[in-house]
Amino acid sequence: MLIDTHVHLNDSKYKLEQEEIIKKALLGNISYLIDIGSNLTSSKASIDLSCKYQNVYSAVGIHPHEAKTFNGKSIDSLKDLSKNKKVVAIGEIGLDYHYNFSTPTEQKKAFIEQIKLASSLNLPLIIHAREATKDILHILEQHGLSLKGVFHAFSGDKEILNWAISNQYYISISGMVTFKNSNLSSLVKEIPMDKFLIETDSPYLAPHPMRGKKNQPAYLTFIAKKLAEVMHLSLEDISRITTLNAKQLFNLEPVVLKDTYTYKIRNSLYVNLTNRCTNNCYFCIRNKTYFIKGHYLKLEKEPTVENIISEIGEVENYKEIVFCGLGEPFLRYNTLIKIAKYLKNRGAKIRINTNGQANLICSKNIAIELKGTVDALSISLNASTSDTYQKISQCSNHSAFEAIIGFVKECKKYIPEITLTFLELPTINIEECKKLAQNLRVEFKIRKYDVVG
Ligand code: SF4
């Protein structure tokens with residue numbers, strides 16, 4: 001299911017079609033709609049609508065085009081409207097110097113006052129930014145740093161993207177990403193997984209192949225499919241990730257946090273055996289979040305062999321089964337090998353993502369025990385020397401680097417695919433790392449910082 005985070009159901013283009021449009025969306029793949037106000041009238045109309053439909057929420061605000069109507073009473077009126085429990089954001093607000101339907105001075109005043117209102121109500125902002133990047137970011141730096149928000153219908157401004165990534169702001173992708181002349185495809189790959197939303201901006205910006213027609217929330221699937229293609233994910237992944245992000249930003253419903261033992265990304269199934277690790281890498285994603293591509297991986301209780309096997313079902317449904325999670329899987333070696341053998345007997349391809357310290361952890365050479373069961377090992381090394389490894393991993397065992405290299409050499413005898421992976425970090429000499437992998441005659445892969453799964 002998808003959440004359309006930006007629709008204008010009260011736009012005059014819809015006239016009497018509102019009900020039909022909402023029904024079509026809900027019958028399709030859309031679980032919630034956020035209807036956006038542009039002035040006091042449409043904000044009020046949005047609340048009337050969201051009170052009628054359980055799956056519709058509202059944002060109230062005065063659009064930069066309408067900033068000339070902003071007066072001394074506007075904030076009190078918006079404040080009153082925001083008391084309704086279906087109001088989840090202040091928007092759409094911002095600056096638009098393309099049309100200048102209101103003067104920049106009027107726009108800035110309305111924008112700042114509405115940011116202050118959002119701050120007092122602890123609501124996120126929905127921001128319209130067009131040809132006004134410098135002023136938008138300046139105002140947000142001064143008044144919006146403690147808030148959350150989203151830049152709606154992102155059109156590819158790198159400065160906005162970088163600012164959003166460094167702050168608590170999201171980027172919302174509209175049908176523009178599907179346009180043939182759009183440069184958004186390359187940029188969206190830079191948006192962190194926990195920072196992007198999708199929207200139709202209906203009735204505007206209809207995605208390909210509906211471009212030129214009147215847009216509607218049911219077309220959100222075209223945008224989600226394009227994003228899946230660009231981000232090398234499945235439609236299911238995009239739905240899960242963007243739904244979680246929207247629920248978190250707009251506080252639509254509580255996110256259920258429960259132990260996840262197995263989880264799907266693309267057409268691979270991942271096994272989450274432990275959160276423990278022998279390293280304490282400064283860049284470890286666990287220091288930031290336990291959500292990976294929309295899955296919550298913090299474990300209250302580590303799973304048993306039976307827990308995992310009962311969840312997996314038919315292995316032919318998956319390209320491969322990957323022991324990964326947020327921790328070092330070889331810390332659960334006995335459990336891991338039992339599950340892996342069971343799955344291998346049923347024809348699964350098995351990969352283990354590891355820090356390569358298996359022999360240290362097990363206090364013996366286990367490489368031969370993986371023979372015939374494990375098809376691929378992906379070893380996160382991130383350094384070409386012991387000194388660097390020690391600095392970044394903060395492993396308590398100072399021979400860890402040498403032990404990993406020894407493990408690689410042993411595993412080469414028994415495991416068909418071995419890849420050494422390295423994070424793209426300024427402290428890491430990638431050329432030296434590449435040479436190391438070449439000398440060991442194993443595959444070499446660079447991974448992007450903060451991208452897991
Ligand atoms: S090896 Fe992986 S799981 Fe362990 S601390 Fe480092 S980044 Fe985190």
Side-chain angles (χ1 to χ4, degrees), residues 192-194 259-263 265 268 270-303 308 321-333 335-336 340 351-363 366 370 374 376-408 411 418-430 433 436-437 440 442-453:
M193 285 294 142
D194 58 351
D259 284 3
T260 303
Y261 295 150
T262 60
Y263 56 103
I265 298 177
S268 297
Y270 288 74
V271 179
N272 182 20
L273 284 182
T274 184
N275 291 155
R276 292 177 289 131
C277 188
T278 43
N279 283 353
N280 185 19
C281 305
Y282 73 85
F283 48 75
C284 185
I285 195 93
R286 296 173 309 171
N287 300 331
K288 225 173 100 178
T289 182
Y290 276 86
F291 282 104
I292 299 297
K293 293 199 165 68
H295 296 291
Y296 181 68
L297 299 187
K298 186 152 178 56
L299 293 170
E300 288 303 320
K301 196 168 167 245
E302 292 182 340
I308 301 289
I321 312 273
V322 187
F323 289 82
C324 182
L326 279 186
E328 172 45 47
F330 277 113
L331 281 168
R332 304 278 324 274
Y333 178 58
T335 306
L336 180 154
R351 175 155 65 97
I352 302 176
N353 290 356
T354 170
N355 66 17
Q357 296 173 20
N359 285 351
L360 276 183
I361 291 166
C362 300
S363 305
I366 61 150
L370 306 178
V374 176
L377 271 184
S378 185
I379 299 172
S380 167
L381 189 58
N382 302 318
S384 57
T385 66
S386 182
D387 274 357
T388 319
Y389 187 81
Q390 216 47 55
K391 271 182 206 138
I392 62 175
S393 71
Q394 298 175 58
C395 181
S396 57
N397 188 319
H398 288 232
S399 312
F401 183 81
E402 290 75 12
I404 297 167
I405 301 298
F407 181 61
V408 172
C411 286
I418 299 184
T419 306
L420 288 183
T421 71
F422 301 87
L423 272 184
E424 214 171 22
L425 290 170
T427 45
I428 294 174
N429 184 333
I430 289 293
C433 295
L436 176 67
L440 288 164
V442 293
E443 296 298 317
F444 162 82
K445 188 176 167 188
I446 300 177
R447 288 188 298 123
K448 260 186 95 177
Y449 181 50
D450 264 8
V451 176
V452 181

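When a residue number appears, it is its place in the shown sequence, counting from 1. Just so it is clear, the structure is predicted and the values come from calculations on it, not from any experiment. Both counts, for ligands and for their atoms, begin at 1 and track the order of listing.
- Of the possible donor and acceptor atoms, none in the side chain of S399 sits under 3.5 Å from a partner among the backbone N and O of E402.
- Nearest to atom 8 (Fe) of ligand 1 among the protein's heavy atoms is C284 SG, 2.4 Å.
- Atom CG of L273 sits about 10.5 Å away from atom OG1 of T262, to the nearest 0.5 Å.
- The residue E328 has no part lying near ligand 1, judged by heavy-atom distances below 4.0 Å.
- Of the options Y270, Y296, F291, a ring-ring contact (aromatic ring centres under 6.0 Å, His included) to Y263 is made by Y270 and by none of the others.
- Environment of CD in E443: sparse, with no more than 12 heavy atoms of neighbouring residues, nucleotides or ligands closer than 6.0 Å.
- Comparing heavy-atom distances from atom 3 (S) of ligand 1 across C395, G325, C277 singles out C277 as nearest.
- Ranking protein heavy atoms by distance to atom 6 (Fe) of ligand 1, first place goes to C281 SG, 2.3 Å.
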